[in-house]
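Just follow the structure's listing: the first ligand is 1, and inside any ligand the first atom is 1. What you see is a predicted model; the values in this text were computed from it and never measured.
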Amino acid sequence: MIFASIHVSASPFPAPQLTAAPESKPPQDLVANVPNRTTISLDGTWRAIVDPYEGGLHSRFFENHKVKNKQELLEYDFDLSPGLKVPGDWNMQRDSLYFYEGPLWYKYSFDYKKKDGIRPFLYFGAANYFTRVYLNGHFLGDHTGGYTPFNFDVSDTLVDGDNFVVVEVNNTRHADGVPTLNTDWWNYGGITRDVEIVEVPKTYIQDYFVQLAKGSLDSIAGWVKVAGTSGAQAVTIDIPEANIKQTVTTDADGKGTFQFPAQKLDLWSPENPKLYKVVLSGAGDSVTDQIGFRSISTSGDKILLNGKPIFLRGISIHEEAPFRGGRAFSSEDDATLLGWAKELGCNFVRLAHYPHHESMVRAADRMGLLVWSEIPVYWSIDWKNPGTLDNAKNQLREEISRDHNRAAVILWSLGNETPINAGRTAFFTQTAAEARAMDPTRLLTAAMNVTTKQGEDTRVIDDPLGQIVDVLGLNEYIGWYEHSIDTTDHTHWTTPYDKPLIVSEFGADAPFNRHGAADERWTEEYQADLYKHQLAMWSKVPFLAGMSPWVLMDFQSPVRQLPQVQDFHNRKGLVSDRGQRKEAFYVLQNFYKEKAAAAAPAQ
Ligand code: GCU
């Protein structure tokens, strides 16, 4: 344990409680395909100490100390402290934590039996926002970012029998954070996704990429990464149902690349979400995954799926738990949210504004829903801060590393509604390069919201970001934040880019069952009327390749305070947070039904 520096603020008042933070240490490279690995769940009730002044560092909460005699002074005791459910944000578990932003310490004790030849990892699906992890009093490392997984090799710190893990999570917002200080969603803090021990062999297949080669429908290209050994290893990629069995040899760094023919694959699509069993074995390890094979590309202003133009009938979704509120994390949450999207007639979902949990993306794989995945580079990020750029790149790497074998994912979105300036363009140039280097097969996009005007009625989508991305994303709120609904009737759109456009947001707030005339704001009738006019406007735009209106379900937001209407909820949902469908739900459903019918192959 290295206590790098004792932080004493330059304050006119007596020095506050000294805090002693361990020197930062990054997690290890992510173990791929955790859902198909041998795991021991640590989910359950963890003991929790709320620590607004972060005194727990100085008091060494991570030791989970117990007094040895009746003279000893000790001012904390995890086992006498109240519990918090993991996974789950803390805000929705205790009224006193509804608005809490700061450090909070968790402790969980568990039995473990060490096994010969096994390398155990301590794996977190996500924790928001800054996390330090200790096992049996040893500092393992820390992680920044609230929506991507991270893991630590605990071969040397896990013991036979009793173990205890202590986790400090701090959801304080930062001007140099990703996201930054202001968001239109709740800053749910805590260990918000599953925690498990993942058991892999000493030498293991750490990661792999098995997808159709870019631009091909009949050859598979990718790579495999073996860790825990220095020598070259032979790894077999076996796809029994496709009669494919290929072997690749890794280099001294453990990496091996491959490309081989794959004739007559049953290609993945929303209508046919075919997943193949893929077995990778070698280096003393074997891991099985379920992988779909499809091609995604653009041709001019069209998006092509498996070489054919597709219109993306989508909806935007926040990771908000239906009915109970808070961060969604379970397969039940996935089934409800994606079930509503299917009921709408969607073949596409925009998982806004950050990577959702892995089971949501795997559910989309199985259900045939194409996915727009996004990192939370949202609004006024600190563009000139190298640490902010590194943070965004790291979250992008973790997102891509986790989901790059999911056929459903077709778009990596680099951000949402960011101001046009040189720093931002440089920032996106870097993150785009990072994404393309990691995954040349998928399309890049970003939701833009700054356009220029041509005459009275024409809007031009000419944000410089359009040069960097493959697919243009546009958020526009004519009829809600600007002008009136009938402005849409005489608004036309153009762009200098020969690229497809996805209207990634439009919408209006309406609490369920609030009724009035169609020109009365905050009513279901107003929301429905806005959808009718917006859909009519966009139906006239030839380079429109899809849409994901804002938003599937009402969600909690600290900036939506209108009493008896918002009550800390953004009410643009087509479905209320209690699962009640609003009038606009059926307007969009009807539009998608007609779209699907028009696209269906002639009988
Ligand atoms: C913005 C933003 C969303 C927000 C929405 C709204 O476009 O992208 O995060 O919730 O508009 O104002 O409702």
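The residues E434 and R397 are annotated as salt-bridged, a charged nitrogen and a carboxylate oxygen being separated by less than 4.0 angstrom.
Against a heavy-atom cut-off of under 4.0 Å, N475 is close to the following atoms of ligand 1: 7 (O), 8 (O). In the vicinity of N416, heavy-atom distances shorter than 4.0 Å reach the ligand 1 atoms 2 (C), 8 (O). Ligand 1 places these atoms under 4.0 Å from at least one heavy atom of F555: 10 (O). For ligand 1 and H353, the ligand atoms under 4.0 Å from any heavy atom of the residue are 3 (C), 8 (O), 9 (O). Here is the list of ligand 1 atoms found below 4.0 Å of a heavy atom in Y378: 2 (C), 3 (C), 9 (O). Listed by atom number, the atoms of ligand 1 under 4.0 Å from Y481 heavy atoms are 6 (C), 12 (O), 13 (O). In summary, the atoms of ligand 1 found under 4.0 Å from a heavy atom of E417, numbered by their order in the structure, are 1 (C), 2 (C), 7 (O), 8 (O).
By the 4.5 Å heavy-atom criterion applied to side chains, R560 and H569 are not counted as neighbours. Side-chain atoms of V469 and Y497, non-hydrogen and from C-beta on, never get closer than 4.5 Å to each other.
When only non-hydrogen protein atoms are considered, atom 2 (C) of ligand 1 lies nearest to E505 OE1, 3.5 Å. Among protein heavy atoms, the minimum distance from atom 4 (C) of ligand 1 is reached at D184 OD2, 3.2 Å.
Using a 4.0 Å cutoff on heavy atoms, E476 does not count as a contact of ligand 1. Heavy-atom separations between W480 and ligand 1 are all 4.0 Å or longer.
For the 3.5 Å distance criterion, the side chains of E374 and W372 qualify, holding a donor opposite an acceptor. Checking Q430 against K393 by side-chain atom types alone, a donor-acceptor pair falls below 3.5 Å.
The side chain of W550, and not its backbone, has at least one atom closer than 4.0 Å to an atom of ligand 1 (non-hydrogen atoms only; side chain from C-beta on). Only the side chain of N570 comes within contact range of ligand 1, with a heavy atom under 4.0 Å; no backbone atom does.
The side-chain contact (heavy atoms from CB on, under 4.5 Å) check on N306 picks up L217, L267, S269, R294, S295, with sequence neighbours excluded. The salt bridge (charged side-chain N to carboxylate O under 4.0 Å, His left out) check on D333 picks up R324, with sequence neighbours excluded.
Just one residue in the list R514, R521, R571, K572 forms a salt bridge (charged side-chain N to carboxylate O under 4.0 Å, His left out) with D509, and that residue is K572.
In this structure, L344 CG and Y586 OH are separated by 9.5 Å, a value rounded to the nearest 0.5 Å.
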